[in-house]
Amino acid sequence: MRPYPVLVMLLLLVVQWGCSQTVLVPVSPRMDLKNYGTFGLVQFASNSDPAINSYATQQFQEQVQGAYPGTAILELGNRETVLAAVGAGQLDAEAITKIGQKYGVSAVFLGDITYSEPTTNFRIGDITKLHGGVRSEVRGDLSTKLMETKSGASVWSSSAWATRQIGSVSLSTKGGVNATVGDANPRKAMVPALIYHVTEDFRPKFVRQKVQQ
């Protein structure tokens with residue numbers, strides 16, 4: 001018998017034995033929301049259309065309540081409505097305190113999405129063979145925070161970014177011209193990924209630990 005198959009089998013046995021001596025242990029979320037009462041949620045703002053703002057807010061609420069079932073979240077509406085209700089001009093510490101007093105919430109979630117203008121990248125692989133391509137994409141940056149209404153202080157913040165392709169065109173002497181169309185609405189398409197990443201602090205994680213013999 002050739003030695004290589006035997007070595008491979010031995011290696012697999014060692015790996016399997018090593019894995020059998022470990023277990024997955026849950027690690028508590030970095031941000032514990034259980035000590036809060038009712039949360040206020042101001043509709044997320046963006047430099048896109050209102051439908052994106054509403055969709056991002058809904059996605060965020062689903063992720064928070066998915067991580068902490070039964071969490072009470074009061075939807076407060078968009079920023080203009082909330083600020084007008086408390087007689088404030090911006091969402092500073094004083095305004096957050098007034099929001100807590102008016103709506104009876106212990107903390108308020110805020111979020112902003114900033115989309116870039118579409119960018120186009122040109123790539124030329126070999127000019128003599130007419131090989132290259134063009135790719136257009138848009139980037140989104142999401143920043144979120146949680147502010148206590150008693151003090152107006154920020155107690156948690158997180159950010160994430162993502163890109164989505166708008167379209168691309170490739171050119172080669174063998175394949176000719178190939179065009180690819182990206183998402184119909186790339187700004188909306190990246191929202192779930194952005195929300196998932198910023199809410200990671202609310203979800204427990206699992207780490208592998210060795211079993212004590």
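Bear in mind the structure is a predicted one, so any value in this text is a computation, not a measurement.
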(message) A side-chain contact here means heavy atoms from C-beta on lying under 4.5 Å apart; do L91 and L83 qualify?
(response) yes
(message) With a 4.5 Å cut-off on side-chain heavy-atom distances among I, L, V, M, F, W and Y, is there a chain of contacts connecting F39 to Y103?
(response) no
(message) With a 3.5 Å distance limit and no angle check, can you tell me whether T144 reaches the backbone of S158 through a side-chain donor-acceptor pair?
(response) yes
(message) Check for me, please, whether V198 and V108 land in the same ILVMFWY cluster - side-chain distances under 4.5 Å, paths through other members count.
(response) no
(request) Supply the atom-to-atom distance R203 CZ to M31 CE, rounded to the nearest 0.5 angstrom. (result) 14.5 Å
(request) Identify whether the distance between the nearest side-chain nitrogen and carboxylate oxygen of R79 and D112 falls below 4.0 Å. (result) yes
(message) Do L142 and I195 have side chains that approach each other closer than 4.5 Å (heavy atoms only, starting at C-beta)?
(response) yes
(request) State, without any angle test, whether Q63 and Q59 hold a side-chain donor-acceptor pair at a distance under 3.5 Å. (result) no
(message) Would the distance check show the side chain of N53 and the main-chain N or O of A56 forming a donor-acceptor pair, the cut-off being under 3.5 Å?
(response) no
(request) With the side chain counted from C-beta on, respond yes when K205 and E200 share a heavy-atom pair under 4.5 Å apart, and no when they do not. (result) yes
(request) Decide if atom OH of Y196 counts as having more than 12 heavy atoms of other residues, nucleotides or ligands within a radius under 6.0 Å. (result) no
(request) Count the heavy atoms belonging to other residues, nucleotides or ligands that lie under 6.0 Å from NZ of K102, then report whether that count exceeds 12. (result) no
(message) Hydrophobic clusters here meaning ILVMFWY residues chained together by side-chain heavy-atom distances under 4.5 Å, can you tell me if I73 and M147 are in one?
(response) no
(message) Using side-chain heavy atoms (C-beta onward) and a distance below 4.5 Å, is I96 in contact with T149?
(response) yes
(request) Report yes or no: do F109 and L74 belong to one cluster of Ile/Leu/Val/Met/Phe/Trp/Tyr joined by side chain heavy-atom distances under 4.5 Å? (result) no
(request) Using the ring of F202 (Phe, Tyr or Trp, six-membered ring only), decide whether R30 places NZ or CZ under 6.0 Å from its centre and within 45 degrees of its axis. (result) no
(message) Please give me the minimum heavy-atom distance between K150 and T97, naming the atom from each residue.
(response) O-OG1, 4.3 Å
(message) Is the positively charged end of K34 above the ring of Y68, judged by distance under 6.0 angstrom from the centroid and angle within 45° of the axis?
(response) no
(request) State plainly whether one hydrophobic cluster holds both V191 and L110, where clusters connect Ile, Leu, Val, Met, Phe, Trp and Tyr through side-chain heavy atoms under 4.5 angstrom apart. (result) no
(message) With a 4.5 Å cut-off on side-chain heavy atoms, are T57 and L41 touching?
(response) yes
(message) Just so I know, are the side chains of Y36 and V155 near enough to count as touching, which here means a heavy-atom distance under 4.5 Å?
(response) yes
(message) Between I113 and D141, is the side-chain contact (heavy atoms from CB on, under 4.5 Å) condition met? List the steps.
(response) CA-CA 6 Å; I113 305 178; D141 289 85; over 6 Å; no
(message) Do E137 and P118 make a side-chain contact, defined as non-hydrogen atoms from C-beta onward lying under 4.5 Å apart?
(response) no
(message) Please tell me whether Y115 and W161 form a close aromatic pair, meaning their ring centres lie under 6.0 Å apart.
(response) no
